[in-house]
Structures are given as structure tokens and as C-alpha cells.
Amino acid sequence: DTAVSQTPKYLVTQMGNDKSIKCEQNLGHDTMYWYKQDSKKFLKIMFSYNNKELIINETVPNRFSPKSPDKAHLNLHINSLELGDSAVYFCASSQLARGSTDTQYFGPGTRLTVL
Amino acid sequence: AQSVAQPEDQVNVAEGNPLTVKCTYSVSGNPYLFWYVQYPNRGLQFLLKYITGDNLVKGSYGFEAEFNKSQTSFHLKKPSALVSDSALYFCAVIMRFGAGTRLTVKP
């Protein structure tokens, strides 16, 4: 009955590789997000999708490409991984676009380690 | 631009004592403010939010927050802290999160 799920939970890979993280929500929400939490626990928005349409892209390198096959899924593909990409990546969802007054529901996170 | 600030990296309180975790905001227009909690190796969980109305907002696990427009603050409070409240707390406006405050409650 997990509301927002992410796979994998842990991801260890070499510099230069390409990897994907998957996210699914079963809450029927229209909006989904990707956040990056760095080693100091600072949380930063990366992307937001509303009904499969990209609505926010927060100056993220082109190596990061989100894809939303349907409104319940938002995947994150990362090309040419760099050491600085090591972080915990959180997926979230909310009912309304941009989530301005809406509660966000977070997944458990994916810890990415780039060696 | 919308932003929040959490001036304290760390707050330590004794179990049973009241706790306050501070947050100030800078918002153009109506402030929609949130508190989330993160336990170790977990995602963030919603605690409470202020949209409009009563300045005192009650949330999960006995937490409450006071919206103060004149001081542009939205401090999180609890009358009696529990050891299990120890976690990382984030104040947020829309998709902008504060730096987080680590709350440690000692027995």
C-alpha cells in the first residue's frame, strides 16, 4: 500500500555510467517532483511534472532527463554520472499543479553513490 | 521569490520539556507554509501547513505551529517533547525548503 515508491533504494555506480531511478505513486495525484538531497541534508527541487507535462526545470544539467510515461510515474535518467551527483534523490507527488497549497507525499529516497 | 530560513542547525531539549523549531519566511503574496519531518533513512513526512485562517495550526504527533505575519515567522512547537521526536525538521514554502533543523530530545 506504499503511496510513493522508488526503485532502487540504493545505487552504486562508476563515474561516466548512465543510470535510471523509477518512481510510482498510487495516490491518483496529478503532480510529481524530483528532489536532490545533498550530504548536508539540503533539499533542492529538480523537476516537476503535471499530468505528464514538464512544468518546472530548476537549472539542472542536461545530463538529467526526467520522463513521465503517465501521471502515476516519473522516472529520472542520468547520463555520464559525475562524483557530484552522489546524493539521495526523492520523488514526491501532490494533488494539484505546482503544489502551492498542497501537501507533498515523499518516496523513501534513492541513495546514489558515484565512485 | 519565495524562501524560508531555519536559523538553527541543531536544537537540543530534554524529554518532557517544550520544544520550538524556528522558521522565518520571505514570500510575495499569500504565504503557504509547511513543516515536514525526516527520520533517518526515510523520506519526508508532512506535519502541518498554514494556508489561511487561524494563526495556530495543529498537526500530527502533537505538533503545532504559530504563523506570525508581523515577524514573518512560522515556528514549530510542541508542549512536551518525546525522545521519538528526534529527527530532522524542514520548513517549506511551495517547493523551497529550509536547510533543516536537527532536533535531539534527550531522556
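Only heavy atoms go into these numbers, but all of them, side chains included; no hydrogens, no water, no symmetry mates. Numbered from 1 within each chain, the chains take letters A, B, ... in sequence-line order.
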>> Taking atom NZ as the centre, does B:K106 end up with more than 12 heavy-atom neighbours from other residues, nucleotides or ligands that are less than 6.0 angstrom away?
In response: no
> B:N41 and A:V88: side-chain contact (heavy atoms from CB on, under 4.5 Å), yes or no, with the steps?
Replying inline: CA-CA 10 Å; B:N41 300 313; A:V88 181; over 6 Å; no
> Got a second to check how far B:R96's CZ is from A:L43's CG, nearest 0.5 Å?
Replying inline: 11.5 Å
> If you tally heavy-atom pairs under 4.5 Å against chain A, which of B:R102, B:Q38, B:Q45 wins?
Replying inline: B:Q38
>> Nearest 0.5 Å, please: how far is OG1 in A:T103 from CZ in B:F46?
In response: 3.5 Å
>> Side-chain heavy atoms nearer than 4.5 Å, only ILVMFWY residues, links allowed to pass through others: does that put A:I56 and A:M46 together?
In response: no
> Should we count NZ of A:K22 as having more than 12 external heavy atoms under 6.0 Å?
Replying inline: no
> Heavy-atom count around A:E58 CD within 6.0 Å, excluding the residue itself: above 12?
Replying inline: yes
> Heavy-atom distance under 4.5 Å to chain A: side chain of B:F90, backbone, both or neither?
Replying inline: side chain
> Any donor and acceptor pair, going by atom type alone, linking the side chain of B:K49 with main-chain N or O of A:D102 inside 3.5 Å?
Replying inline: no
> Taking a hydrophobic cluster as the set of Ile, Leu, Val, Met, Phe, Trp and Tyr residues connected by side-chain heavy atoms closer than 4.5 Å, whether directly or through intermediates, do B:V93 and B:F63 fall within one such cluster?
Replying inline: yes
>> Take a 6.0 Å sphere around CG of A:D70 and say whether it holds more than 12 heavy atoms from other residues, nucleotides or ligands.
In response: yes
> Are A:I45 and B:I94 side-chain neighbours, meaning at least one heavy-atom pair lies under 4.5 Å?
Replying inline: no
> Which bit of A:K44 is near chain B, if near means a heavy-atom gap under 4.5 Å: side chain, backbone, both or neither?
Replying inline: neither
>> Taking side chain as everything from C-beta outward and backbone as N, CA, C, O, which of these in A:Q37 sits under 4.5 Å from a heavy atom of chain B? Side chain, backbone, both or neither.
In response: side chain
> Where do B:F97 and A:F42 come nearest, in terms of heavy atoms and distance?
Replying inline: O-CE1, 4.1 Å
> Given a strict heavy-atom distance threshold of 4.5 Å, which part of A:Y35 is in contact with chain B: side chain, backbone, both, or neither?
Replying inline: side chain
>> Which atoms of B:I51 are under 4.5 Å from chain A, going by heavy atoms: the side chain, the backbone, both sets, or neither?
In response: side chain
> So, B:Y36 side chain and A:Q104 main chain: donor-acceptor pair closer than 3.5 Å or not?
Replying inline: yes
>> Are A:V12 and A:Y89 connected into the same hydrophobic cluster when the rule is that any two of I, L, V, M, F, W, Y join if their side-chain heavy atoms are below 4.5 Å apart?
In response: no
> Would you find more than 12 non-hydrogen atoms of other residues, nucleotides or ligands less than 6.0 Å from B:R42 atom CZ?
Replying inline: no
> Is it the case that one hydrophobic cluster holds both B:V13 and B:Y39, taking links as side-chain heavy atoms less than 4.5 Å apart, direct or via other members?
Replying inline: yes
